[in-house]
Enquirer: 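Below: one structure in structure tokens.
Quick note on labels: first sequence line is chain A, next is B, and so on, each numbered from 1. Heavy-atom basis, side chains included; hydrogens, waters and symmetry copies ignored.
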2 protein chains.
Amino acid sequence: MKDSIKVFAPATVANVSCGFDVLGFAVDNPGDEVLLRLSDKKGVRITSITGDDGRLPKDAEKNTVSISILRYLETLGIEQGIEIELTKKMPLGSGLGSSAASTVAGVYAINQLLGNKMEVKDLLPFAMEGEFLACGSAHADNVAPCLYGGFVLVRSYDPLDVVKLPVPANLYATIIHPHVEVQTKDARNILPKQIALSQAVAQWGNVGGLVAGLLMNDTSLIGRSMQDHIVEPARSVLIPGFDDVKKAALDAGALGCSISGSGPSIFALSTSQEAAQKIGQAMKKGFDAINIGSDVYVSTVNQQGPKVI
Amino acid sequence: MKDSIKVFAPATVANVSCGFDVLGFAVDNPGDEVLLRLSDKKGVRITSITGDDGRLPKDAEKNTVSISILRYLETLGIEQGIEIELTKKMPLGSGLGSSAASTVAGVYAINQLLGNKMEVKDLLPFAMEGEFLACGSAHADNVAPCLYGGFVLVRSYDPLDVVKLPVPANLYATIIHPHVEVQTKDARNILPKQIALSQAVAQWGNVGGLVAGLLMNDTSLIGRSMQDHIVEPARSVLIPGFDDVKKAALDAGALGCSISGSGPSIFALSTSQEAAQKIGQAMKKGFDAINIGSDVYVSTVNQQGPKVI
């Protein structure tokens, strides 16, 4: 048995336009890294966190990574001292599933380090529990694609029913993270509690179309289906310049464009690396025009999920 | 050029549980027949309607079949006298897309009779217009699967965007038509105008799951996704015995069971002819128990749409 392991887990785009709370996908870049080390000293401890500007708790009972690892060990009845080094390589609170990436990296790492005692798919509840205990919500639309890779549909939360969807090989994602803050709480509170049945019907027509487009390798259908008339209009007011940046992405050839998770990051899908980069430049210009700095990430849809590095 | 043609078009199950207003599929049986005959006498005339108990209008400007054929001829600028014989082979107002079957049969027949001047997919607007002018609503979830065959997703109505979904070869439908009346108007009016966002999310998770299950050949996922917590609970109160009949279908092995269109017919899906027949018997017993007569239809999902007979 190795005495240490280092795992990368990817950023994720949740919601994916029309698929609020049910769709998400992973990207190759950015992502977080977790290093675990067996220790003779009992308990699970966080020895270092870098890249978080001191914002994340080091208390093992409050950090999503350590909580998930603790639950994993408790469930399997294993008493083993563990030291955790967490390296954040993406911005916090950016709408890119930052805490999901760290949590999944940790759970995947402990399972690998202890000899794969569980199947990867069965690790999901531990990662969700970590997210729940630390953040107060247990949405799976970041954690599930982060763990499974690819595009994931969360068909149901009760019981949890997660479906990995095969996707076209030439599907590229552009993500832009503008340097503004959106509180997840605000992004939830701004949503309508009630919606018109007719709006809901239009939305589930698009969800059906997006899923069909992914599975039928029909990128035009994917693009036509990326319309969200419920969540995006409500949340986009929290992101300065959203309308112009989205228009820039579509004008530059994006299949579709919407908010990543609860924002402020914005993502676009396209069918080539070249297009994805051009779209990123166009979006960046949109934020430049209103003096907001931003980072652009371009990658294919990540098919692998976490990996040992 | 032949001087007459006879076409069969199939019954359809619209909504399909969670897919209210966006999903529908065709069955092999029952269906309607339309016979068209070239005539030297100008205009489009209905010469006979059988099987409707005298309920359908024979006035060519009021009948969905003749209206659709008139629009087709007008659009192509063709002046040709046409005689129509309509043979209803399924119950009216049953939730099985009775008017859609007649209308599609007529439009398909006129296009064939005049030498296929248009592609089949381009006939949809004529059939929809016939339905709209005669019934006051232009939903495509019966007309589209009737015309295209198979399972159809109506992603959007404006613009109209219809996607034919490949389905598992072993998918069987059981339909039961209880001898009670449900007014389509009542079935619409009973629906909530507003729904909770959380309910809508659960529903579009299921729509995504149902589409994924069809395309991934995953009949278990199809079954798990056939849950409608919005429309079925509202409408099922109009169908005496619904809960017991649904339970009987599920107990007999159905993947899922819900209302066909706006009812009163009920459909169930399963994975073999044997299962579909057993399910039909169980459902019929449910209606027998409350002294309601019923007809049972068992067939595969029809892949062909209308056909010349």
Enquirer: Measuring from A:Leu221:CG to B:Arg155:CZ, what's the distance to the nearest 0.5 Å?
Expert: 7.0 Å
Enquirer: Under 4.5 Å from any heavy atom of chain A, what part of B:Pro166 do you find: side chain, backbone, both or neither?
Expert: side chain
Enquirer: Is it the backbone or the side chain of B:Val163 that comes under 4.5 Å from a heavy atom of chain A, or both, or neither?
Expert: side chain
Enquirer: I'd like to know if the side chain of A:Trp204 and the backbone of B:Phe20 have a donor-acceptor N/O pair within less than 3.5 Å.
Expert: yes
Enquirer: Top residue by heavy-atom pair count (under 4.5 Å) with chain B, among A:Val22, A:Asp21, A:Leu197, A:Ile195?
Expert: A:Ile195
Enquirer: Pick whichever of A:Leu23, A:Val211, A:Leu191 has the most heavy-atom pairs under 4.5 Å with chain B.
Expert: A:Val211
Enquirer: Name the option with the most non-hydrogen atom pairs under 4.5 Å to chain B; the candidates are A:Met216, A:Arg224, A:Lys193.
Expert: A:Arg224
Enquirer: Which region of A:Leu214, side chain (C-beta onward) or backbone (N, CA, C, O), has a non-hydrogen atom less than 4.5 Å from a non-hydrogen atom of chain B, or is it both or neither?
Expert: neither
Enquirer: Checking B:Ser225 against chain A: side chain, backbone, both or neither under 4.5 Å from a heavy atom?
Expert: both
Enquirer: Relative to chain A, which of B:Ala200, B:Ala196, B:Gly209 shows the most heavy atom pairs under 4.5 Å?
Expert: B:Ala196
Enquirer: Atom CD of B:Gln203 and atom CD of A:Gln203: how far apart are they, to the nearest 0.5 Å?
Expert: 13.0 Å
Enquirer: Sort B:Asn206 into side chain, backbone, both or neither according to what part of it lies under 4.5 angstrom from a heavy atom of chain A.
Expert: both
Enquirer: Can you say whether B:Gln227 sits under 4.5 Å from chain A via the side chain, the backbone, both, or neither, judging by heavy atoms?
Expert: side chain
Enquirer: For residues B:Ala212 and A:Leu165, report the shortest heavy-atom separation together with the two atoms involved.
Expert: CB-CD2, 3.9 Å
